[in-house]
A.B. asks: 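Have a look at this one.
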Amino acid sequence: MTTTPPTTELAKQYRPEDVESEVAKRWHHANAFHAEPSPPQASGLRPRPYSIVIPPPNVTAALHMGHALNNTLQDILTRWHRMLGDNAMWMPGTDHAGIATQTVVDKRLQAEGQPALKDYKKLEAEGKPGREQFIDKVQAWKDEYEGVITGQLKSMGCSCDWERQRFTMDPQCAKAVREAFFRLFKDGLIYRGKRLVNWDPVTQTALADDEVEMQDVDGSFWYMKYPIIDDNGKPTGEYVTVATTRPETMLGDTAVAVNPRDTVRGKYIGKRVELPIVGRHIPIVGDDYVVIPDPDSDDAKAKMASGFLKVTPAHDPNDWEIGQRQALDVINVMAPDASISKDHGWDDFDRWLDRPTADKETLNALLGQSREQARKTIVKWFEAKGLLEDTKPYRHAVGHSYRSHVPVEPYLSDQWYVKVTDDRLRGAAIDAMVPDQRTELFEPYLYDRNMSRKQTAQDTPDKLRPEKADWHDQLRFYPERYARTFQQWHENLRDWCISRQLWWGHRIPVWKRTTFHKLVNPENGAAEDSRLNVEERIETINGVEVAYQRRWEADGCEYEFICVPHGHPDIEEGLERLGYEQDPDVLDTWFSSGLWPLSTLGWPGDTAELNTWNPTDVLCTAREIITLWVSRMVMFNTYLHGKLPFRDVFIHAMIQDGHGQKMSKSLGNGVDPNDIIHSHGADAMRFTLTSMTTQTQDVRMPVDMVCPHTQKTFTPKFITTGSSQSRVAAPIQDSPFAKGKQMTSSFGVASGQAKATKEAPLARNTSEKFDYGRNFANKLWNATRFALSNIEEATAPAPGGNDTGEPSLADKWITARAIEAVQAADKALGSYDFHNYAQSLYGFIWNDLCDWYIEAVKGTVKQNATTRRVLATMIDVSLRLLHPTMPFITEKLWDRLNAVAPERGVEGLTLPSSELLVSASWPKADPGAIDQDAEASFARVQDAVAMVREVRATNKVPPRQQVDVSVKVSDEVYAKLKPNQGVLETLANVKVVAVGPNVEKPADAAAVVRPNIEVYLHGQLDSESEKTRLTKRAEELEKQIKNLRGRLSNESYVSKAPEKLVNETKQHLADAESEAEKVAEQLTGLG
RNA sequence: GGGCCAUUAGCGCAGUUGGCUAGCGCGCCUCGUUGACAUCGAGGAGGUCACUGGUUCAAGUCCAGUAUGGCCCACCA
């Protein structure tokens, strides 16, 4: 068997497609990404655990570049810590993403003309298993995309522990959800409440807050007069004027509110008004939510306000809260389709019809009218009666359904809530923050929105700012500005509505029974205050503890709720036989993802995984998710497990397209990482993304397309789409290269506007941004190829050669640079400074190693064993340092390096051998081994080389033509330069014919000068270019000298600036003056 | 409405606690292919650091404000 030389085995250019799958296979066979929990504490040699849980991508669609960035960074950290010897584990998985996935699947079914959600709902209503059938469809979608996502992550080289992959709805996560719900329910932290939800009247479903799109609309402010009445209900002739953008809701008004601090209008508090059209008598109440009018204010509301606020608790979230504070009636005047109706809670419809302003005819006409019609009817009525004081145009934001695009109607319904405002949850989250990132409350108030009153900070003195002895187990944000976002979110938190009227999700584990059990006040027929009739207790059924809640609601019904813990189907069946039904709703997606660091590690079991890897070390995510997800994980993990879910939160930039728009699945402007891997390779993509990761909050990535017919790249045609005027690639593009041929853009496919066909195939995306990483990968590839071939072709030392067994200046210099590169990488990675990690390695490898060291040793390395060892060591260090960000190419080259140069390592760099790079140890560098003299001396050589090159370039000396030079140097510099004459000769392609302090300049020589050195290039005198060059230099020096002298003549500078700095300035001045002198000399010599 | 970010060369971006002549990549100009790499090498041009004030011996950097662009959050008087 013959061994093939690696130089022929390695292609001249790096071809990722030849390497990536092969390397991935080797990792797989070595099971390199798998970790086992660390053994119990007893062993002193227990490796430090390190863990990251992936922010589980939604199974709605394939990953885009934002995910590629997110996961590249996590992989860098995981691979780095694995190499550091930590017991590193990266937990992969996906999120079921309730409404998003359900909606996507429904859309797809509709588009394909298959039975969709609506049809399955119909089946369900007929008592047939529609729900199950629909969930099967979603499940199939999930399986497909989970596979796509997993494939994408693997193509990127993500070193996740794939054996542990989880899904937020798999049995293990389901168990955690049941347990968490049960514990929170039992502890009174989950309750059922009537609240306003975002109601979509067209699709007739509740929407999550993030499914509501805010759109600015041109509306009006209507100023409507309500008559004041006296104690006998007689109009006093006075009026109050309420201002509203939604006149139609006045039918449900149950109060008018005034700010008690309002000196002008406060006196009306306690009086009553008669609601026009309806005739209802309603109170004027005091509430400091009301804005006091101020025509001079910059605040639009203060400018427009009348000081009287109509309060409609059933149709406005603010009014609902005022209603809660003031114990007002709640009157819902709309049907689920948002038409006016008296059948959904408008119980007093007939009661006030004998009042003077009541208008039965209009009222009856209003019934059945849409919101919009009713608005017109009512405005017209007020106008006709002279009760419309004014109308002003007003532009404001209105929530619209992202599905039907109609305005969302706040609608009263029963929902489950987590009492996150409780100190056990919110308080714990704020407590978890590391004190130096926590700010004092800017306002002396903590606005507790659920309690609906302002509490002074003194009411809750110690809960917000406890003294903690141990700061190490606290939450720290990188960059730290996001700590503020986190804190402010919690300070303004409202209870979290966790029930969703969906089918795709974790079913709420509560069985309920409703009994008609009217508790009414016999005096006025009103329901008893339900808040007085709540009962909570633990009951035992068949030896199992279940949580029981019973409450009487205003509708006169008794509600019983029983929450059953996980694993007792017998009890569930028993309850169903007793007439209990499981709540049909499912949990908000974030409920299960909030448990992610727990559920994936086996909680609620007491598992070794949990004990080893929770808390995880860092959560790596984009800032949009701080509130939705980070907060909930902190609250759940601390409450349920007594620990933080993670210690660090690293927030990285969001990737925007070339137009500054966020890459998102819904907009369809995302770029598939596989496209970039196809055009540039996984490592190039990863390295570029790494170097793009600065502290900034957005990065732009202009996207090009690859013509599928010609494989050529071009900038696509863009179109404007949607209400937000987004710029996206046109769904169908003409090929600019192949006449008459067309292609489909990824936007076309993602948005459903086009379909890839044989005639118009899907075009991949690419971006020239990634050329950066591709070129760098190629550079590394070739540097290694060169090093290996030289090592392989080693020859015996030349007689009288330079292999003294001692490292040369260049060897010592590159070793120093390598040690510094290790230090820089450690520092950067330790502070999540990915840009500098990439940048310093790029500089070390390209500039130091390739441009200088390899060029310097090129001619001698084959005969010099010492240099060969240094060179092999440099490749070794480079591959190790680069491996976290460029795992494929480094692993491939590592294999060749091991084969060709198994002996590596120099003083100051500890590099234990390893078969696979993925499990090799991170380089250990001893800064004490840095030879600073060597660094300084080599810098002089570099300077001299640069000088010669400059003259050669300006005089147009061909690179191949060797030039004789003589060098005039001081004794001091001479001593250092002399042994390295060869390096100078190699790098500048010159022959040094004379060197020393007394060298004379030949008449035909061009001269370059520095303070301590002059180089004469024989036969290169071109008076013209020489004059130009020297004159330019003289001008530069003059400017510099003037600047430095000015600084030194400034007395306060000399006296106040640090002495070191002043001395440096003096040295610079001396150098500049000396050089200027020499330059002047040369110019004089030229005549 | 609240919060945050950006503004540095034609383009995309660095610039750490204030301190030498403000850097990097792409692009541009000149030169260069007989063995690491043209996905390359050598050299070069190109910036009054958005604007206005302030603090300081010293400001791209700190403070205040202005302008422009962008992001996140927010309950529709």
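Each chain gets a letter, A, B and so on, in the order its sequence line appears, and its residues count up from 1.
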A.B. asks: Could you check whether atom CD of A:Glu372 has more than 12 heavy atoms from other residues, nucleotides or ligands sitting under 6.0 Å from it?
C.D. replies: yes

A.B. asks: Applying a 4.0 Å non-hydrogen cut-off, can you work out what A:Thr1065 is touching in the nucleic acid: base, sugar-phosphate, or nothing?
C.D. replies: nothing

A.B. asks: Are there any protein N/O atoms within less than 3.5 Å of an N/O atom in nucleotides 42-45 of chain B, and if so, which ones and at what distance?
C.D. replies:
{"residue": "B:A45", "atom": "OP1", "partner": "A:Lys1032", "partner atom": "NZ", "Å": "3.0"}

A.B. asks: Measure the spacing between OG of A:Ser831 and CG of A:Asp826 and express it to the nearest 0.5 Å.
C.D. replies: 10.5 Å

A.B. asks: Using a heavy-atom cut-off of 4.0 Å across all strands, would you classify A:Gln839 as base, sugar-phosphate, or nothing?
C.D. replies: sugar-phosphate

A.B. asks: Tell me what A:Lys769 touches on the nucleic acid: a base, only sugar-phosphate, or nothing, going by heavy atoms under 4.0 Å.
C.D. replies: sugar-phosphate

A.B. asks: Pick one: which of A:Asp287, A:Val290, A:Ile292, A:Ile284 meets side chain to side chain contact (heavy atoms under 4.5 Å, CB included) with A:Val258?
C.D. replies: A:Ile284

A.B. asks: Write down the distance separating the P atoms in B:C31 and B:G35, rounded off to the nearest Å.
C.D. replies: 22 Å

A.B. asks: I'd like to compare against my own output: the B/S/- annotation of nucleotides 55-60 of chain B with a strict under-4.0 Å heavy-atom distance to protein.
C.D. replies: --B---

A.B. asks: Any donor-acceptor pair under 3.5 Å linking the side-chain atoms of A:Asn1063 with those of A:Gln1067?
C.D. replies: no

A.B. asks: I'd like the P distance from B:G47 over to B:C11, given in whole Å.
C.D. replies: 13 Å

A.B. asks: Taking atom C1' in both B:G27 and B:G10, compute the distance separating them and give it to the nearest angstrom.
C.D. replies: 8 Å

A.B. asks: Determine the interatomic distance between C1' on B:G69 and the same-named atom on B:A59; round to the nearest Å.
C.D. replies: 25 Å

A.B. asks: Remember a base hit wins even if backbone is also touched, and classify A:Val242 as base, sugar-phosphate or nothing at under 4.0 Å, heavy atoms.
C.D. replies: nothing

A.B. asks: Would you say the side chains of A:Asn836 and A:Asp833 form a donor-acceptor pair under 3.5 Å?
C.D. replies: yes

A.B. asks: With heavy atoms under 4.0 Å as the rule, sort A:Lys1042 into base, sugar-phosphate or nothing.
C.D. replies: nothing

A.B. asks: Rounded to whole Å, please give me the gap between CG in A:Asn782 and P in B:G41.
C.D. replies: 11 Å

A.B. asks: Are A:Arg1047 and A:Asn1050 close enough that a side-chain donor and a side-chain acceptor fall under 3.5 Å?
C.D. replies: no

A.B. asks: Side chain of A:Glu855 only, please: which of B:A77, B:G19, B:A36 is the nearest?
C.D. replies: B:A36

A.B. asks: Over all heavy atoms of both residues, which pair between A:Val406 and A:Pro201 is shortest? Give the atoms and the distance, please.
C.D. replies: CG2-CD, 3.9 Å

A.B. asks: Categorize A:Arg960 for me: base, sugar-phosphate, or nothing, with a 4.0 angstrom heavy-atom threshold over every strand shown.
C.D. replies: base

A.B. asks: Describe the nucleic acid contact of A:Tyr842 in one word from base, sugar-phosphate, nothing, applying a heavy-atom distance below 4.0 Å.
C.D. replies: sugar-phosphate

A.B. asks: Could you check whether the rings of A:Phe477 and A:Phe486 sit parallel, tilted or perpendicular, using 30° and 60° as the cut-offs?
C.D. replies: tilted

A.B. asks: Under a 3.5 Å threshold, yes or no: a donor from one side chain and an acceptor from the other, between A:Lys310 and A:Thr312?
C.D. replies: yes

A.B. asks: Output the rounded distance in Å from CD (A:Glu1064) to P (B:G19).
C.D. replies: 13 Å

A.B. asks: Would you please test A:Arg371 and A:Glu248 for salt bridge (charged side-chain N to carboxylate O under 4.0 Å, His left out) and show each step?
C.D. replies: CA-CA 7 Å; A:Arg371 290 179 288 183; A:Glu248 69 276 16; over 6 Å; no

A.B. asks: When you compare B:C5 with B:C37, how far apart are their C1' atoms, in angstrom units rounded to a whole number?
C.D. replies: 40 Å

A.B. asks: First locate atom CZ of A:Arg246, then atom CD1 of A:Ile378, and finally report the distance between them rounded to the nearest 0.5 Å.
C.D. replies: 10.5 Å

A.B. asks: Let me know the distance between CG of A:Asn989 and P of B:U34, rounded to the nearest Å.
C.D. replies: 14 Å

A.B. asks: What is the separation between atom CD on A:Glu768 and atom P on B:U39, rounded to the nearest whole Å?
C.D. replies: 15 Å

A.B. asks: Please tell me if A:Asn778 has a side-chain N or O lying less than 4.0 Å from either OP1 or OP2 of B:C40.
C.D. replies: no

A.B. asks: Measure from CG on A:Asn836 to C1' on B:U16 and round the result to the nearest Å.
C.D. replies: 8 Å

A.B. asks: Starting from P on B:C72, measure out to CD1 on A:Ile651 and report it in whole angstrom.
C.D. replies: 14 Å

A.B. asks: Describe the nucleic acid contact of A:Trp846 in one word from base, sugar-phosphate, nothing, applying a heavy-atom distance below 4.0 Å.
C.D. replies: sugar-phosphate

A.B. asks: Apply side-chain contact (heavy atoms from CB on, under 4.5 Å) to A:Arg15 and A:Trp781, showing your working.
C.D. replies: CA-CA 10 Å; A:Arg15 289 210 305 264; A:Trp781 180 261; over 6 Å; no

A.B. asks: If you take atom types as modelled and just measure distance, does the side chain of A:Gln13 reach the base of B:A38 with a donor-acceptor pair under 3.5 Å?
C.D. replies: no

A.B. asks: After noting the C-alpha distance and the side-chain angles of A:Leu1061 and A:Tyr1053, does the key distance pass the side-chain contact (heavy atoms from CB on, under 4.5 Å) rule?
C.D. replies: CA-CA 10 Å; A:Leu1061 195 67; A:Tyr1053 173 70; 3.6 Å; yes

A.B. asks: If the C1' atom of B:C72 is compared with that of B:G15, how far apart are they to the nearest Å?
C.D. replies: 27 Å

A.B. asks: Once pairs are restricted to Watson-Crick or G-U wobble with both distances under 3.5 Å, how does RNA chain B read as a dot-bracket string, [ ] for crossings and | for other-strand pairs?
C.D. replies: (((((((..((((.....[...)))).(((((.......))))).....(((((..]....))))))))))))....

A.B. asks: Given the C1' atoms of B:A58 and B:G12, what is the spacing between them in whole Å?
C.D. replies: 31 Å

A.B. asks: At under 4.0 Å between heavy atoms, what does A:Lys1066 touch on the DNA or RNA strands: base, sugar-phosphate, or nothing?
C.D. replies: nothing

A.B. asks: Is there a side-chain contact between A:Lys779 and the phosphate of B:C37, meaning an N or O under 4.0 Å from OP1 or OP2?
C.D. replies: no

A.B. asks: Please measure how far the P atom in B:C26 lies from the corresponding atom in B:G1, and state the result in whole Å.
C.D. replies: 45 Å

A.B. asks: Check every atom of B:U21, B:C40, B:U16 against the side chain of A:Asn775 and return the nucleotide holding the closest atom.
C.D. replies: B:C40

A.B. asks: If each of A:Tyr14 and A:Glu409 is mapped to the nucleotide of RNA chain B with the nearest heavy atom, which maps nearer the 5' terminus, i.e. the 5' end?
C.D. replies: A:Tyr14

A.B. asks: Between B:C5 atom P and A:His652 atom NE2, what is the distance in whole Å?
C.D. replies: 18 Å

A.B. asks: Would A:Tyr772 and A:Phe687 satisfy side-chain contact (heavy atoms from CB on, under 4.5 Å), going step by step from the backbone distance to the final call?
C.D. replies: CA-CA 8 Å; A:Tyr772 179 69; A:Phe687 186 79; 3.7 Å; yes

A.B. asks: How would you label the contact of A:Val290 with the nucleic acid (heavy atoms, under 4.0 Å): base, sugar-phosphate, or nothing?
C.D. replies: base

A.B. asks: Stepwise, does the side-chain contact (heavy atoms from CB on, under 4.5 Å) test hold for A:Ile282 with A:Asp253?
C.D. replies: CA-CA 8 Å; A:Ile282 57 177; A:Asp253 283 3; 4.1 Å; yes

A.B. asks: Atom CZ of A:Arg774 to atom P of B:G25: distance rounded to whole Å?
C.D. replies: 16 Å

